[in-house]
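All remarks here apply to the structure that follows.
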Amino acid sequence: MVANYDEVMKLALERGFYFPSCEIYSDAPAGFWEYGPRGVNMKNKFIELWRRELVRRDDMLEIDGCQIMSKSVFVASGHIGNFTDPVIKCRKCGSSFRADRYITEKTGENVLERMAEEEIKALIKKHNLRCPNCNGEFGEVSKFNMMFPVGIGPAAEEAYLRPETCQTIFVDFARVFKTMRGRLPMGIAQVGKSFRNEIAPRQSLLRLREFYQAEIEIFCNPDRLNEMPKFEEVKNTVLRLFDGSSIIEVTAEEAISKGLTPNKLITYYLALLIEFYDKIGIDVKRSRFRNLSVDEKAFYASVAFDFEVETSIGWLELVACNYRSDYDLKGHASTSKQNLEVLDSATQSKVLPHVFELSMGIDRSIYAILEHCYYKDEQHDDRVVLRLKPYLAPILVGILPLMTKDGLDQKARRINSELKYDFDTFYDESGSIGRRYRRLEEIGTPFAVTVDNTTMQDDTVTVRHRDTMQQERINISDLHQYLHKALGRR
RNA sequence: GCGACGGUCGUCCAGUUUGGUCUAGGACAUCAGAUUGCCAAUCUGGUAACCCGGGUUCAAAUCCCGGCCGUCGCACCA
């Protein structure tokens, strides 16, 4: 039984995964959401697996940069120029439109991305364009920048909240490469918040104004994109590639030989990404890499694959995989007047690295995992089971006394005390045993340890499995090892 | 941002049409007690809400205006 958005939303609100920010105030703006206790735990575990399966596996370097950055950064990155849309507003009914698109649609005239406001105005006048809704006259052309400005210090020096975490990586690149004795290709990773003043934030975690990204920027020599010994590790990994009409399943090796992906470096990282999402609990059979067409790509990307998963509200983009070439380093080099070239030790030549990025949306990923793991068990009174991987579950194990007498509760409390420093545990004695099992499985707890009368005689407990409802009896002294193993730890 | 519709306990809903026993009701969830003792059991009791601001009126959950939020459509989406 497949979940829908409303069911996931209800579970998230009722069980403390996430909820609207500032909700006790009526002027709370849209597009801001908080993680509750269960959500933040799950998010932390998501990031831990990201570190393990991408950052450590590939020997990347992680940094943690500032969220407020100087204006120059965004002049260099192109956000000051490109992150704005020209908007025209009807004087009569107030409807607003993207000026460039509207003019092109109505007149066929090509409107350049950087066309000045005066020129746009002239075009409207020339063709006598009016509002399609009420035939009213258009007012001034305005530019809406989606970055949040901030004023630094008493003089309110112009700066911005970063609209993407990667800019920190680019401006830090030279120092990190030097001090960490970098070699190309080199990955720099970062988890952090980004901020975009969305016009219409919607659907809770899916379209936020303040959101988490986990970003990886691979700095590479563009002449050596097929020199990738590590590629052997992933050559049999299956990629599902979508060309706009159908999904083709191929191994990483086949993707290259058939020309579906451009080179080994990009293909290697697409494969790492899909392996990560498989381990995190996404049903990868319901995912695809969408090869973006020319007009869909961001202004800085020359090759772009969006990693998308199928949900009840359609295909949802979780990761943008962009080959940004030297767009960013070139921009920062010329704006800052710093030389950002590095020596590629393999060729002993100076090179301005190109960049391939994996830009993951954490919040959207959390939503997608919840939806893919949500299961309504029709065999057992429609019990709701969140079938999260053990290493992602907010609570790993519930510790339950069968009843609160004959010392069973004290015994269970002692077991909880012994385990809680190493695992996320939850002690619960309230309500019938069946009710307590149901509450645990609803937040994805894979195991429930029950203390019964037999425990008092031989120090064994039952371990109940969330998905099968089967129980096994094991020694209390083996519990630690048992849970350790269940987490897949070494 | 525009348009349509909507906003009542944690959740879902009743009450708004026709202002007045609404001191706002129910179910689920939750808490306490009793009973039971391995899969949402039963009984008793409790906690808990009219989105915010203004207006009309003797009287507003109910009517009017503004704001905020939500759903859908358009537009936008690095």
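We use all heavy atoms of the structure for the numbers below, so side chains are in, but hydrogens, waters and symmetry mates are not. Chain naming here is simple, since letters A, B, ... match the order of the sequence lines and numbering starts at 1 in each.
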Within the 4.0 Å heavy-atom criterion, would you say [X] contacts the bases, only the backbone, or no part of the nucleic acid?
X        : result
A:Arg436 : base
A:Glu23  : nothing
A:Ala30  : sugar-phosphate
A:Ser359 : nothing
A:Arg435 : sugar-phosphate
A:Pro29  : sugar-phosphate

Should A:Ser430 be listed as having a side-chain N or O under 4.0 Å from OP1 or OP2 of B:C31?
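For B:C31, OP1/OP2 do have a side-chain N/O of A:Ser430 under 4.0 Å.
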Does A:Ser432 place a side-chain N or O at less than 4.0 Å from the phosphate oxygens OP1/OP2 of B:A40?
no
Each base of RNA chain B marked ( ) or [ ] if paired in-strand (Watson-Crick or G-U under 3.5 Å), | if paired to another strand and . if unpaired gives (((((((..((((......[....)))).(((((.......)))))....(((((..]....))))))))))))....
In whole Å, I'd like the distance from the CD1 atom of A:Ile313 to the P atom of B:G73.
11 Å
Check whether A:Arg162 reaches the backbone of A:Gln67 with its side chain - one donor and one acceptor, N or O, closer than 3.5 Å.
no
Do any N or O atoms from the side chain of A:Arg196 and from the backbone of A:Pro163 form a donor-acceptor pair under 3.5 angstrom?
yes
Separation of the [atom1] atoms in [N] and [M], to the nearest angstrom:
N     : M     : atom1 : result
B:C12 : B:C77 : C1'   : 33 Å
B:U35 : B:C43 : C1'   : 8 Å
B:A40 : B:A24 : C1'   : 29 Å
B:G53 : B:U47 : P     : 25 Å

Can you find a donor-acceptor N/O pair under 3.5 angstrom joining the side chain of [X] to the base of [N]?
X        : N     : value
A:Asp452 : B:C38 : yes
A:Arg202 : B:C76 : no
A:Tyr437 : B:C38 : yes

Between B:C72, B:C38, B:A40, which nucleotide gets closest to the side-chain atoms of A:Thr462?
B:C38
Out of B:C39, B:U71, B:G1, whichever nucleotide has its closest atom nearest the side chain of A:Arg438
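For the A:Arg438 side chain, the nearest candidate turns out to be B:C39.
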Would you check if there is a donor-acceptor pair between the side chains of [Y] and [X] at a distance under 3.5 Å?
X        : Y        : result
A:Asp243 : A:Ser245 : yes
A:Glu215 : A:Thr165 : yes
A:Glu472 : A:Tyr482 : yes
A:Thr450 : A:Asp452 : no
A:Ser194 : A:Gln213 : yes

Residues touching RNA chain B, which here means a heavy atom under 4.0 Å, drawn from residues 399-419 of chain A:
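Correct list: A:Leu402, A:Met403, A:Lys405.
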If you pin A:Lys10 and A:Gln470 to their nearest nucleotides in RNA chain B, which one's is more 5'?
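Comparing both residues, the 5'-ward one is A:Lys10.
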Pairwise 5' ranking along RNA chain B for A:Glu14 and A:Glu441, keeping only the more 5' one
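Here A:Glu14 is the residue nearer the 5' end.
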Only pairs under 3.5 Å count here: list side-chain donor-acceptor contacts from residues 27-39 of chain A, not counting sequence neighbours, and write none if there are none.
unit_1	atom_1	unit_2	atom_2	d
A:Glu34	OE2	A:Ser21	OG	3.2
A:Tyr35	OH	A:Asp363	OD1	2.6

Please report the shortest heavy-atom distance between A:Glu418 and A:Ile476, naming the atom on each side.
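Of all heavy-atom pairs spanning A:Glu418 and A:Ile476, the closest is OE1-CG2, 4.5 Å.
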Hey, would you say the A:Tyr367 and A:Tyr5 ring centroids sit under 6.0 Å apart?
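That pair passes the under 6.0 Å test.
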